[in-house]
Amino acid sequence: MKYDFSSIESKWQKRWAQADIFSAKDDFSKPKFYALIEFPYPSGAGLHVGHIKAYSGLEVVSRKRRMQGYNVLFPIGFDAFGLPTENTAIKTGTHPRKVTDENIAKFTDQLKRVGFSFDWNRVIDTTDEKYYKWTQWIFLEMFNHGLVFRDTALVNYCPSCKVVLSNEDSQGGKCDICHSDIIQKSKDVWYLRITQYADKLLEGLDRVDYLPNIKMQQENWIGKSTGAFVNFKIKEVNETLRIYTTRPDTLFGVTFMVIAPEHPIIEKYQDKIANISELNSYREECSKKTEFERTQLIKDKTGVKIDGLTAINPLNNKEIPIYISDYVMMGYGTGAIMAVPAHDQRDYEFAKKFGIDIIEVIKGGDISVEAYTKDGEMVNSDFLNGYTNKKASIERMLEYLTEKGIGEKGVQYKMKDWAFNRQRYWGEPIPIVHCPKCGMVPLPYSELPLKLPEVKNYEPGEGGESPLAKIESFVNCKCPKCKGDAKRETDTMPQWAGSSWYFLRYIDPKNDNAFADPEKLKYWLPVDWYNGGMEHVTRHMIYSRFWHKFLYDIGAVPVDEPYAKRTAQGMILGANGVKMSKSLGNVVDPNDVVKEYGADTLRTYILFMGDYGSAAPWSESSVKGCKRFLERVADLTAIAKGKGTTPALESSFHKTIKKVSEDIEALKFNTAIASMMTLLNAIYDNCSLTVDELDTFITLLCPFAPHLTEEIHEQLGYKDFLSLAKWPEYDESKTADSIVEVAVQVCGKFRGTISVSADSSKEELIAAAKECDRVKPYITGKTIIKEICVPGKLVNIVVK
RNA sequence: GCGGAUGUGGCGGAAUUGGCAGACGCGCCGGAUUUAGGUUCCGGUGGGAACACCGUGCAGGUUCAACUCCUGUCAUCCGCACCA
C-alpha cells in the first residue's frame, strides 16, 4: 500500500470528528477512566513538540483503555488568562479576548492535526465568563469559610511586571515570568489560607500514587518541621520575645538571641535602645539587598547587638544579649531565634565573629572547630544531663516547658499563605466590594459572574494598581449589604486560579447551575491518571489539591484527593542536547514534522525517542527511521493472505501483545514500539502473514499511529473504526517458546549456547551442556566442583 | 550545604527476581537496484588480527555468576537552600 500520509490523516481526522467517537459518555454503568493532561496556555508561539510529548503518553493509554471497553474521559481545554496575552495586547493594541481566541483557534487546529483523541465536546476556556463564574464562586465559598484574608505585608513584587507574586512564583528571587530580580514591597494583599491545609496536603500524599520524586518535592515544599515555641522575657521592658526552635533540647546552650531586621520589637522599643541609629542603618542596608543577595551571596554573618534590650533564659535566668541579623528571616517561625552556637553552624559562625560564649551541651564534637550537630550525651543541662537520645531529651524538655508555662510544642511550615491578587487586567475579577461602613463584603452568588469590563488601556498603573482601577463604572458600586456607595476590588486573580479546578469542569462543562453535577462528579472522580511537567508539581498541583480539599470539606466534591495517580514526562531537547529555545534556533515546530513526515510518524517518534520520563534530544534521522517503520507496516498489506495464524509467528504475536499491553501501562512506550518493530522484522523474515494477524498487528499499533492503522483496517474490508476495535488479548502459555536457547558458562564465563526443549530437566540441561562443542575444551581434564542450572536460562559449570 | 536522580557502543537508548550486556532505532561499512543522488532491498557493525582476551564513570567487596547487591569515590543534571 502506498503510504500517502497526508490524505490518510485528514481523511480519518474528519471521519472521527463526524462520528464523534472519542466523546465520553455519561453512562454510569460502564467502568470509567479519566485521563488528564495539563491543559495548555494558548501562547502566540503555537504548539511546541514538548506539548505533543506531554499529551502523547496518556493519548496512547486512553486509546488503549477505550479499546478495552472503558468509558474514557480524555479532555482538553485552555488555561488562557495570564500575562503573556496581556502583554501582547498592550504591545499590539489588540483586545486580549481577541488574542486569546486567535491563539485557541491556532492550538485547536494544530492539536487536531496530530490526531489526538480528545473529547472536543468538553473544551473549556478559563477566560470564558461561564467558566470563571465558578472560579469566582469557589473564591466566594472560601471567603465565606474564612479562608481568605487581607493583610498588609512585605510581598514579592516584580518591578518590571508591576505585579505581586506568590512565593511559588518568585523562586530563587526571580520573577517567574520576566526573570527580573524581585523586590520586597509593603502592600495590601489578598491571601488564601493554604497553610491551614498544610497537614491535609501532606497526609493525603500517603493515599495517592504519585512518582516518588513528585511526592518528595511536595513534601519538601510544604516543609513541615516540629519543635517548640519558647518565650524569653526581656529584662528592661515588660515584653516576651517568642522564638521557634526544632532543638529545644539545647536550650541550656543558648548564649544569645537573634531577631530579623524587620522584627517589630525594634520599633516598639526604639526609645529604650541606645544604638537605635546604628540598628536603623543596618536595617536600611538589609532592605536594599535583593532576596538573591541575602540568601545566595552572603555567607559572611553580619549583625548588630541591640544595646538596651537583654533577654533572660527562662531555664536558668541567665542574661543573654540580643542581636539583629539578616540570617534570621521575618517570614519563617517568629522572626526570632535562640542561638546555640555549640550545636548550630550558623549560630557558631555568628558567635565566633562577635566573640560570644559557646557552651557545649552535647558531648561528642570539638566545639573549638565547628558546631556539633549530631547525637551525644547531654551535659551542662541540669535535668537533661546524662540523656543520650535526642528524641528523648526533646520530649523531656517539652514536658518541662509546658509544665512551667514558658513554651510549648509547635509546628512550622516552609509553605506560606498564598498571595492571591494581581494588579492586572487579564484575570478573574475578585468578587469583593469595599464598603466604608461594612468593610469587605462578598458579592452575592447571584451576581456572578462579575465580568471583566472593557478598558482602553491594559497598562497597570504606576503605583502598582490594576488597570481596572481606572474604570469608574466598574469601581463605583453599591454595597450588597447596606446598599450604600462602595467600591469594587480592582485586583484580579493569579493565573493559578482557573487551573486549580479545571478537571472538575470537564466533567460537566456546560452546567449553568453548578460547577458540575454531583452525580457526574461521583462517577468520574477522582482523575485516574494525571500527567504533566515536573515544573507544575509544586505550584499548580499543591494549589489544586488545596482547592479540591476545601471543596471536599464543604461537601462539594465526593473525594478528598483529586488525582489518583501522577506521572511526568521528560523534556524534548534540541538536536544539540540543550533546551529548545528561540534564541538558540533549535526549536522544532510540530507542524513542520506533520507536514513532512505525518502525524503518525511524529507521534511514534516522540514516544520512541527514549524513556518517557527522561529528557532526550531531537533527532531528525530517527524521525525518518520511524517513518520507515510505518511504511514497512503499510507494505504488509501486500503479503497478508488468508485467515488464522502462522505457526512460526504465533508465539511472537502473543509475546508482542503482552509486551505492548504491559509497557503502555508503565509508560514504557519506547520498548512497546521496539517490540512491534521486532515483530515486524520477524514477519518479513518469515515472508508470510495472515490477514487476521495483520489486523492484530495494526490494532496494537493503533494507539500510536491511528491514521495509518485505520486506513489499513479499512483496506482489509472492515467497516468499523479500528479505534473502537477490541484490544488484542494474549495467551500466557503461548508466549513461551517450546525450544529455548540456554547459555552455558564455565566458571562464570559464557562459552556457548544449547538449543533444548523448554521443559528439559536440570539433569538433561547439564548433560547437554557438557556435550556442547564449544564447552568441551574447557571442562575436559578438569574436576567439576559445582554445577548450577537455571532452567530455561543458563548452565554454569565450575571446574578446577 | 541538604535532598533526589543519572552515568552502558559513534548517537538515542534496551536488559522481571543477580543469570548470554548492547534489544529496537539512528549512524556507519560492504553489496544489489539506479546514468547519478535519493529511495528501497540484502549482509555486517562494542573494542580487538583473534574461537584468546577486554569491556556498563572510577576503586574495592559479596557471589558459581554483578549494569543489577554492598562500601568508598568522581562527574553530570534537577529540586530546595541562612527554614532556626
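The sequence lines fix the lettering, A, B, ..., with proteins before strands; numbering per chain opens at 1. All figures in this text were calculated on a predicted structure; none of them were measured in a lab.
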Quick one: which protein N/O atoms are closer than 3.5 Å to N/O atoms of nucleotides 64-68 of chain B? Pair and distance per line, please.
from  : atom 1 : to       : atom 2 : distance (Å)
B:C64 : O2'    : A:Asn796 : ND2    : 3.3
B:C64 : O2     : A:Asn796 : ND2    : 2.4

Closest heavy-atom pair, A:Tyr3 versus A:Ala634, reported as atoms and distance to 0.1 Å, is CB-CB, 4.2 Å
Take atom P in B:G10 and the same atom in B:G47, then report the distance between them in whole Å.
-> 8 Å
When you compare the protein's N or O atoms with those of nucleotides 44-53 of chain B, which come within less than 3.5 Å of each other, and at what distance?
from  : atom 1 : to       : atom 2 : distance (Å)
B:C53 : OP2    : A:Arg751 : NH1    : 3.1

Regarding [X], tell me which of base, sugar-phosphate or nothing describes its non-hydrogen contacts under 4.0 Å with the strands shown.
| X | answer |
| --- | --- |
| A:Ala339 | nothing |
| A:Lys215 | nothing |
| A:Gln345 | nothing |

Determine: side-chain N/O of A:Lys301 to OP1/OP2 of B:A84, distance under 4.0 Å, yes or no.
-> no
Between A:Tyr332 and B:A84, is there a side-chain N or O to OP1/OP2 distance below 4.0 Å?
-> yes
Contacts of A:Ala616 and A:Tyr244 projected onto RNA chain B by closest heavy atom; the upstream (5') one is A:Ala616
Nearest-nucleotide 5' precedence on RNA chain B, A:Thr245 against A:Lys793 | A:Lys793
Sorted by chain and residue number, the ring-ring contact (aromatic ring centres under 6.0 Å, His included) partners of A:Tyr244 (sequence neighbours excluded) come out as A:Phe229
Whole-Å gap separating [atom2] ([N]) and [atom1] ([X]):
| X | N | atom1 | atom2 | value |
| --- | --- | --- | --- | --- |
| A:Met571 | B:C78 | CE | P | 8 Å |
| A:Arg247 | B:C82 | CZ | P | 20 Å |
| A:Phe669 | B:A14 | CZ | P | 13 Å |

What do you reckon, are the aromatic ring centroids of A:Phe629 and A:Phe608 less than 6.0 Å apart?
-> no
Nearest of B:A84, B:A15, B:C20 to any side-chain atom of A:Val328?
-> B:A84
Quick one: stems for RNA chain B, with Watson-Crick or G-U pairs under 3.5 Å, at least three in a row?
-> B:1-7 with B:74-80, B:10-12 with B:24-26, B:27-32 with B:40-45, B:57-61 with B:69-73
Pairing residues for A:Lys658 by the salt bridge (Lys or Arg N to Asp or Glu O under 4.0 Å) criterion, not counting sequence neighbours = A:Glu732
Is the shortest distance from a Lys or Arg side-chain nitrogen in A:Glu631 or A:Lys627 to a carboxylate oxygen in the other one below 4.0 Å?
-> yes
Counting primed atoms, P, OP1 and OP2 as sugar-phosphate and everything else as base, the B/S/- map of nucleotides 22-29 of chain B against protein heavy atoms under 4.0 Å is -BBSSS--
